Amino acid sequence: MLPRISFLIFILFSSCMALESCSHGNPGMNFFQEHISPIDGNRCSSYPSCSQYSNTAFKKHGAVMGWIMACDRLVRCGRDTATLSKKVVINSEVFAFDPVEANDFWWYEEKVE
Amino acid sequence: MTFGGMRKKLNKMKYFPIILLTLFLISLCPNNGVCGKKEIVLNADMQYNYAQKCFKEKDYTTAIFEYKRFINFFSDHENVTSAEFKIGEAFYNLKDYEKAVMAFNKIILAENPEILTPPGSDLSESNITDAYFMKSKALVLLGKFVASEVCMHNLLKITEDKITQDRAYSFLTLLYLKIAETNPDALIRAKKYLQEISLESVDKPQKDHLAKTLADMNNLKTKSPAIAGITSIIPGAGYVYCERYKDGLVSFLFNTALMIAAYKAFDDGNHALGAAISFVEAGFYTGNIYGSISSAHKYNRRKRNEYIQKVHNQFHIRIDSSKEDEQIQLFFKVPF
């Protein structure tokens with residue numbers, strides 16, 4: 001049972017966290033984006049990809065909220081978000097547009113300088 | 001006269017016919033590019049009409065240049081302000097909204113409106129009003145909603161014309177419908193401005209339609225973020241409440257699996273693994289609560305935007321003026 005659950009966690013992360021650009025803030029994210037995702041391939045149906053989304057969430061809201069938002073995104077990725085979100089075409093591929101701003105607009109206000 | 005002197009004079013006279021002939025031939029030369037440059041004298045009308053032609057042909061960059069040349073050389077001409085208005089329009093059509101605002105501002109800020117409408121000018125009074133509308137539209141496209149609203153209020157202060165007032169209120173309604181796409185509170189202001197539109201100039205079916213639209217605004221189907229948050233205590237239930245059934249199912253299965261895994265790990269005495277799984281599960285469980293509340297907000301925003309789109313599609317609000325039809329019609333789509 002336990003190996004299956006661990007495998008499930010890994011599968012969930014690796015299926016969603018894709019490489020599109022490297023981050024420079026989170027070492028774990030860097031490792032994933034530089035070593036795992038190139039082999040695993042970009043299979044995230046959303047834009048930005050789950051790894052980019054998580055990276056942005058961590059940078060924008062810190063570790064706790066970033067972690068919560070990343071988990072929420074991993075669960076939602078490729079499901080209802082794919083049909084309910086706006087579409088964006090990148091390199092002739094259609095992605096569901098689901099940036100951090102679309103998920104924190106109800107409690108976070110961007111500071112205008 | 002000496003013989004030598006006479007000879008010199010005769011020598012000079014020998015060239016005289018040649019000089020004459022040369023001058024004669026030069027005078028026969030056609031006045032074209034080969035023998036000389038054609039002199040074109042542009043008058044004000046020619047210059048203005050050429051600028052107008054460029055504008056009509058949508059060559060806005062050239063039109064701006066020509067209008068400016070017209071203003072520079074014929075600064076006393078009656079169409080100068082009209083040219084300034086056209087410059088603003090050209091900048092607007094070129095999507096250079098900052099410069100468009102500046103151009104319209106120049107017309108609006110003129111102290112004496114009579115200067116703007118000299119007799120015989122093709123800039124009518126409605127064009128001055130249009131300068132306000134064009135400036136407001138440009139400001140909307142620059143994202144300066146407050147400035148756009150202020151501009152409309154300035155117009156409302158100076159005008160007593162009912163049609164213009166209705167146009168201004170229609171514009172403000174659309175403006176707040178636009179703002180409502182990101183800020184739900186703006187719907188209340190949109191409704192307020194919609195009510196300001198004179199119903200005298202709207203026929204009965206339009207009145208009913210207007211009333212129904214206002215009623216719909218108050219009866220938008222929404223989801224409570226609080227209920228979404230509370231129901232998400234059962235993983236996935238919050239998503240289901242927000243009509244995200246797939247997300248709900250995945251959240252339920254995943255959270256349940258992780259909870260069982262953590263329980264089994266602790267039960268088997270593998271505390272380190274149990275703690276690791278619990279840590280991950282804590283993130284996914286709170287993520288489920290966060291996602292449910294977020295889904296409720298997103299649901300409400302989506303429904304609100306659908307409503308606004310419906311209003312835009314069904315209730316096209318006219319802001320242009322028509323001399324043929326003085327009755328205000330609430331049917332014109334503002335190209336925001």
Side-chain angles (χ1 to χ4, degrees), chain A residues 1-17 26 28 45-46 50 53-54 57-58 60-87 96-110 112, chain B residues 143 181-184 225 228 232 235-236 238-240 242-268 270 273-274 276-277 279-302 305:
Chain A
M1 180 77 178
L2 282 175
R4 285 181 191 173
I5 296 294
S6 306
F7 183 70
L8 188 65
I9 295 168
F10 179 75
I11 289 294
L12 189 78
F13 269 93
S14 62
S15 68
C16 290
M17 288 193 165
N26 190 321
S45 64
S46 301
C50 290
Y53 179 96
S54 308
F58 272 93
K60 195 172 175 183
H61 300 302
V64 177
M65 280 312 292
W67 172 237
I68 290 169
M69 288 184 77
C71 290
D72 165 52
R73 170 63 178 268
L74 288 169
V75 168
R76 289 187 295 103
C77 181
R79 295 172 192 95
D80 290 307
T81 301
T83 50
L84 294 172
S85 296
K86 287 177 183 173
K87 302 290 178 289
F97 188 59
D98 186 43
V100 171
E101 291 74 30
N103 294 283
D104 66 1
F105 67 94
W106 52 277
W107 63 274
Y108 183 79
E109 202 167 321
E110 205 82 50
V112 182
Chain B
E181 288 172 13
T182 49
N183 177 12
S232 64
Y239 287 117
V240 172
C242 296
E243 299 176 15
R244 285 174 170 258
Y245 304 110
K246 288 179 194 169
D247 289 349
L249 180 66
V250 170
S251 182
F252 176 76
L253 291 175
F254 196 71
N255 278 287
T256 309
L258 282 176
M259 283 176 191
I260 293 168
Y263 172 77
K264 285 287 281 180
F266 283 120
D267 202 37
D268 291 348
N270 199 343
L273 181 63
I277 295 172
F279 174 74
V280 173
E281 166 53 13
F284 278 95
Y285 187 74
T286 47
N288 147 70
I289 296 169
Y290 177 88
S292 299
I293 298 167
S294 184
S295 296
H297 284 285
K298 285 194 279 189
Y299 179 93
N300 294 343
R301 188 169 72 165
R302 195 172 64 250
N305 287 347

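This structure is a prediction, so every number in the text was calculated from the model and none was measured.
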I'd like to check [X] versus [Y] (side-chain heavy atoms, cut-off strictly below 4.5 Å). Are they in contact?
X: W107(A); Y: I293(B); answer: no
X: R301(B); Y: F105(A); answer: yes
X: K298(B); Y: N103(A); answer: yes

Is there any salt bridge (charged side-chain N to carboxylate O under 4.0 Å, His left out) pair reaching into residues 243-258 of chain B, and which pairs are they, with sequence neighbours excluded? K221(B)-E243(B), K223(B)-E243(B), R244(B)-D247(B)
I need the full list of salt bridge (charged side-chain N to carboxylate O under 4.0 Å, His left out) pairs touching residues 60-71 of chain A, with sequence neighbours left out, sorted by first then second residue. K60(A)-E101(A), K60(A)-D104(A), K60(A)-E110(A)
How long is the straight-line distance from CG of N305(B) back to NZ of K86(A), given to the nearest 0.5 Å? 7.0 Å
At what distance, to the nearest 0.5 angstrom, does OG of S251(B) lie from CZ of R76(A)? 11.0 Å
Shortest non-hydrogen separation from D72(A) to G287(B) and the atoms involved: CB-O, 3.5 Å
Over 60° means perpendicular and under 30° means parallel, so tell me whether H297(B) and W106(A) are parallel, tilted or perpendicular. parallel
Does any heavy atom of chain A fall under 4.5 Å from the side chain of F279(B), the backbone, both, or neither of them? both
Region of T81(A) in contact with chain B, defined by heavy-atom distances below 4.5 Å: both
Would Y239(B) and D80(A) satisfy side-chain contact (heavy atoms from CB on, under 4.5 Å), going step by step from the backbone distance to the final call? CA-CA 10 Å; Y239(B) 287 117; D80(A) 290 307; over 6 Å; no
Go through P225(B), S292(B), G291(B) and name the one with the most non-hydrogen pairs under 4.5 angstrom from chain A. G291(B)
For residues Y290(B) and W67(A), establish whether the separation of their ring centroids is below 6.0 Å. no
